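This report concerns only the one structure given below.
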There are 2 protein chains.
Amino acid sequence: MTTVAQTQLSPAEEAWDILRQLLGAERRRFLAAAAELDLHPAQAGALMKMEPGTAMPMHELAMMLSCDNSNVTGIVDRLEARGLVTRRPYAQDRRVKHVVLTPAGTDVRTRVRGHMAKVPEAIGRLSLTDQRLLRDVLRRAVESG
Amino acid sequence: MTTVAQTQLSPAEEAWDILRQLLGAERRRFLAAAAELDLHPAQAGALMKMEPGTAMPMHELAMMLSCDNSNVTGIVDRLEARGLVTRRPYAQDRRVKHVVLTPAGTDVRTRVRGHMAKVPEAIGRLSLTDQRLLRDVLRRAVESG
DNA sequence: GTCGATAGTTGACTACATCAAGGTTTGAGG
DNA sequence: CCTCAAACCTTGATGTAGTCAACTATCGAC
């Protein structure tokens with residue numbers, strides 16, 4: 001019921017309108033996935049941004065979550081308290097601390113990403129031709145920088 | 001940099017992967033738009049869900065925001081304190097309270113939606129043919145329920 | 001008319017956003 | 001060198017949001 005065409009929409013506008021509906025559904029899935037793993041949304045978001053063998057500076061995490069540095073401090077505190085990540089000093093620049101996934105954290109991260117990677121029904125029920133069409137258009141959208 | 005293909009992705013999976021990148025960027029835009037209007041994300045979300053001349057029961061708002069009823073109480077409290085919405089009793093069912101946009105609220109809502117309706121660059125720079133293609137595929141995705 | 005279910009509120013608790021301030025470290029310029 | 005602005009992280013204060021349990025009022029059905 002979010003789709004209301006009071007004025008005529010351009011193709012791009014209408015496409016974007018539909019995409020935003022997907023976004024709403026996606027948000028729910030994300031919240032549900034996080035809750036199922038006993039994570040708060042921000043914590044789940046942080047885990048998702050991390051790569052298993054790769055150390056990430058706190059401030060970079062802040063950028064990716066588009067939030068304040070001081071915010072990341074708290075989030076990482078809690079993740080660390082649960083043994084999902086570790087802080088590690090960074091010799092090259094001692095202002096920086098790196099965050100690393102522990103094995104337990106890697107496991108949880110995999111599960112969060114598993115939930116989110118599942119293709120939404122709306123897309124899954126498209127014909128294979130349409131799925132390929134969609135993929136190709138989207139590829140062009142992001143690559144033609 | 002979110003696109004990593006460690007295993008071969010199906011067309012749907014790859015499409016979904018790209019879409020999630022778009023949605024991430026969208027989240028930032030949403031936060032920025034809300035901040036610009038001095039709204040917290042949940043408040044902006046609530047305003048977006050409301051239609052100008054249409055009263056909405058609190059619990060329906062809770063459903064749309066996928067949050068608790070008690071949560072909506074607080075959000076509406078604050079919106080009401082700023083004169084953006086009003087609570088109104090509902091005679092047919094006196095357990096229910098309706099929320100209605102005030103003129104000021106309607107104005108703010110329009111501005112929030114204006115921000116969000118702006119087509120992202122990635123889609124905007126597609127050829128018109130591709131935009132139509134995208135729109136058509138997405139139409140099929142949501143309508144073939 | 002009783003009783004289970006629903007709508008909204010309240011209160012307690014945690015987490016998170018934002019901002020200002022402070023400590024440490026770095027890098028660049030004098 | 002040495003200073004100094006800037007970057008990184010942390011802490012504390014404040015307001016807001018999410019979750020859960022309890023409570024009131026109302027509805028609907030039996």
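This is a predicted model, so every value here is computed, not measured.
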Fill in: Greater than 12 external heavy atoms within 6.0 Å of A:Arg88's CZ
no
Item to complete: Please state how far atom CZ in A:Arg28 lies from atom C1' in D:dG18, giving the value in whole angstrom units.
Response: 16 Å
Discussion item. Measuring to OP1 and OP2 of D:dA17, would you say a side-chain N or O of B:Gln43 lies under 4.0 angstrom away?
Written reply: yes
Worksheet item: Measuring from B:Cys67:SG to A:Leu31:CG, what's the distance to the nearest 0.5 Å?
Response: 10.0 Å
Practice prompt. Take A:Arg94 and A:Pro41, find for each the nucleotide of DNA chain C with the closest heavy atom, and name the residue whose nucleotide sits nearer the 5' end.
Written response: A:Pro41
Fill in: Rounded distance in Å - CG (A:Asp38) to P (C:dT14)
15 Å
Fill in: Non-neighbouring partners of B:His40 that pass ring pair (Phe, Tyr, Trp, His ring centres under 6.0 Å), sequence neighbours left out
none
Worksheet item: For the pair made of CD1 in B:Ile75 and C1' in C:dA17, what is the distance, rounded to whole Å?
Response: 15 Å
Worksheet item: Which whole-number value in Å describes the distance from A:Gln92 CD to D:dA7 C1'?
Response: 17 Å
Give each protein N/O atom lying under 3.5 Å from an N/O atom of nucleotides 13-15 of chain D, with the pair distance.
none

Worksheet item: Are the side chain of A:Glu26 and the backbone of B:Leu23 linked by a donor-acceptor contact shorter than 3.5 Å?
Response: no
Practice prompt. Taking B:Arg125 for its side chain and A:Ala141 for its backbone only, find out whether a donor-acceptor pair lies under 3.5 Å.
Written response: yes
Worksheet entry | Distance, nearest 0.5 Å, that separates CD1 of A:Ile123 from CG of A:Leu22 | 5.5 Å
Item to complete: Identify which one of B:Glu13, B:Glu14, B:Gln8 satisfies the side chain to side chain contact (heavy atoms under 4.5 Å, CB included) criterion when paired with B:Ser10.
Response: B:Glu13
Response to the item:
Heavy-atom contacts, protein to nucleotides 1-13 of chain C, under 4.0 Å, summarised as B (base), S (sugar-phosphate only) or - (none) per nt, yield ----BBSSBB---
Item to complete: Please state how far atom CZ in B:Phe30 lies from atom C1' in C:dA17, giving the value in whole angstrom units.
Response: 14 Å
Fill in: Side-chain heavy atoms of A:Met116 within contact of B:Arg20, under 4.5 Å
yes
